[in-house]
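Remember, it's 1-based here, ligands and their atoms both numbered in the order they're listed. Every heavy atom of this structure was used, including side-chain atoms; hydrogens, water molecules and symmetry mates were not.
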Amino acid sequence: TTMLVGIFTAMMLVDPQLGFAVSIIVPPMAIATWWFKRRMLESSRRIRAANSRITASYNETIAGVRTTRMLAREETAAEEFQVISEDMRSWTVRNALQSAVYLPVVMSMGSIGVGIALWAGGVQVREETGLTLGLLIAFMQYAMLFSQPIQELAQRFVDLQSAQAAAERVQELIEETPAIRDSPEVAARIDATPADPPEGVASDGGRAVVETIRFEGVGHAYVEGERVLDDVSFELSRGTTLALVGATGSGKTTIAGLLARWYEPSEGRILVDDVDYRERGLDWWQSQFGVVQQVPHLFSGTIRDNVGYGRLDADDDAVRTALERVRALEFVETLEGGLDFEVGEGGGNLSQGQRQLVSLARAFLADPQLFIMDEATSSVDAETEATIQNAVEEILRDRIAVVIAHRLSTIRRADLILLLDQGRIVERGSHDELMAAGGRYRDLYLAQFVDEAERRIIG
Ligand SMILES: Nc1ncnc2c1ncn2[C@@H]1O[C@H](COP(=O)(O)OP(=O)(O)O)[C@@H](O)[C@H]1O
Ligand SMILES: [Mg+2]
């Protein structure tokens, strides 16, 4: 820009009249720029949006290819992908066209400006109105110099549009406020608590140790008016395990999610040592949990990296102890390199059960007070499940745990079992109590028991 101003001043000094002649190209150039700006920004935004849909679709269908194949969804998935990539292609072509037209338009306007000056100047020189040929040539040099930075600016301008569209998406993500967050009072209490609080005090100023958790008439609706959980009440104290049983969609994961405060109850309260958990720090609460899910998350790296992730300052001995306590050390030692074995992306070099054991060792090492296991054993065989079961018992000691499992043999030892049906508790008690009561739990248990015994006999 400084260069532009300098050159323009020089042109005005040489001949103001010709200077103005050149500057008449500025308004049309501005209009063209404005016209293209809107369109290029729009197409750049569409490209970004299509791009993220492609990534999402890739993750779902390609990365989840087994599920896709099993459900015979290959063709639909391929069609969907086709549609999205076609969308991306057409917007990309449009964007390329726009800049392919915009740049020459700006350049031609620059040349037209130079042409006008040459023509006007030529006429003046011929009619000898004071402009000499030398001055005209000097002027033309300046005019050429003038159009070069304009072209460069135009190129930057094109780049800027796509950069702006990309920045907008990042900005959206940054400005997204989470629906679940600390209330101002809680935030103030967290600020007032020293970064390294005294023994027994949590980062939010409350008690660090959780003795009891109580659900009081908890109801939940993800979508306004569509209640998926109704009047759920129970109490857990340190060292006890709660098991949730029920058909798919009965609300088991919802209870676990409410407990971990991934979402808050629409009705009722969840009390932590008699204090509503919304009056405690969210970060503190969530960092008390160890969560093991059906599909464990392993990162590409070694076994050591993956277990150590639970506590970053852990040394090899601590990692080994954790593996031993969940009975995973044995299999790890048979692997090439032991702790240095590369698990591969998503743990692909390990079996499902092995991955689960590694993630349990990670949870064990992190030493959380609260523990959630959501169908962690549904995709492994009965034998691995038994190993995992033993590992889990080791972990659950002295903690408060919620276990969700399809196989009822996994939950026999829970202190409290809740049988859910469409978001309501229909039966509650220990395994023995529920068996003695002779209700649905007993039927379910016997049916599974017979099933498994049969399978064992038939092989
Ligand atoms: N994020 C969500 N948004 C809307 N509805 C949901 C969501 N998660 C679960 N649900 C609904 O809530 C009900 C209970 O689901 P869930 O707790 O996952 O059951 P379970 O774990 O017992 O299979 C189901 O009807 C399910 O469709
Ligand atoms: Mg579930």
Counting from 1 in the order shown, the ligand 1 atoms closer than 4.0 Å to a non-hydrogen atom of Thr248 are 23 (O)
Name the orientation class of the two ring planes belonging to Phe299 and Tyr309 (parallel below 30°, tilted from 30 to 60°, perpendicular beyond 60°).
tilted
Gly249 to ligand 1, any heavy atom closer than 4.0 Å | yes
*Ala247 near ligand 1 by a heavy-atom separation under 4.0 Å*: yes
Quick test: of every protein heavy atom, which one is nearest to [atom], and how far off is it to 0.1 Å?
| atom | answer |
| --- | --- |
| atom 21 (O) of ligand 1 | Thr253 OG1, 2.7 Å |
| atom 5 (N) of ligand 1 | Tyr222 CD1, 3.3 Å |
| atom 12 (O) of ligand 1 | Val228 CG1, 3.3 Å |
| atom 16 (P) of ligand 1 | Thr254 OG1, 3.6 Å |

- Query: Thinking salt bridges, do Glu264 and Arg261 make one under a 4.0 Å N-O criterion?
  - Reply: yes
If you measure only the distance, is there a donor-acceptor pair under 3.5 Å linking the side chains of Glu342 and Ser300?
no
Taking the six-membered ring where the residue is Trp, are the ring centres of Phe289 and Phe371 under 6.0 Å apart?
no
Does the separation of the ring centres of Phe157 and Phe36 fall below 6.0 angstrom? no
For Arg189, does the CZ atom sit with more than 12 other heavy atoms under 6.0 Å from it, leaving out its own atoms? yes
Review point. Is a side-chain donor or acceptor of Gln286 paired with a backbone partner of Ala260 at a separation under 3.5 angstrom?
Key: yes
Q | Verify atom 27 (O) of ligand 1: protein non-hydrogen atom under 4.0 angstrom away | A | no
Discussion item. Under 2.8 Å from the Mg ion (ligand 2) - does any N, O or S atom of Thr253 fall there?
Written reply: yes
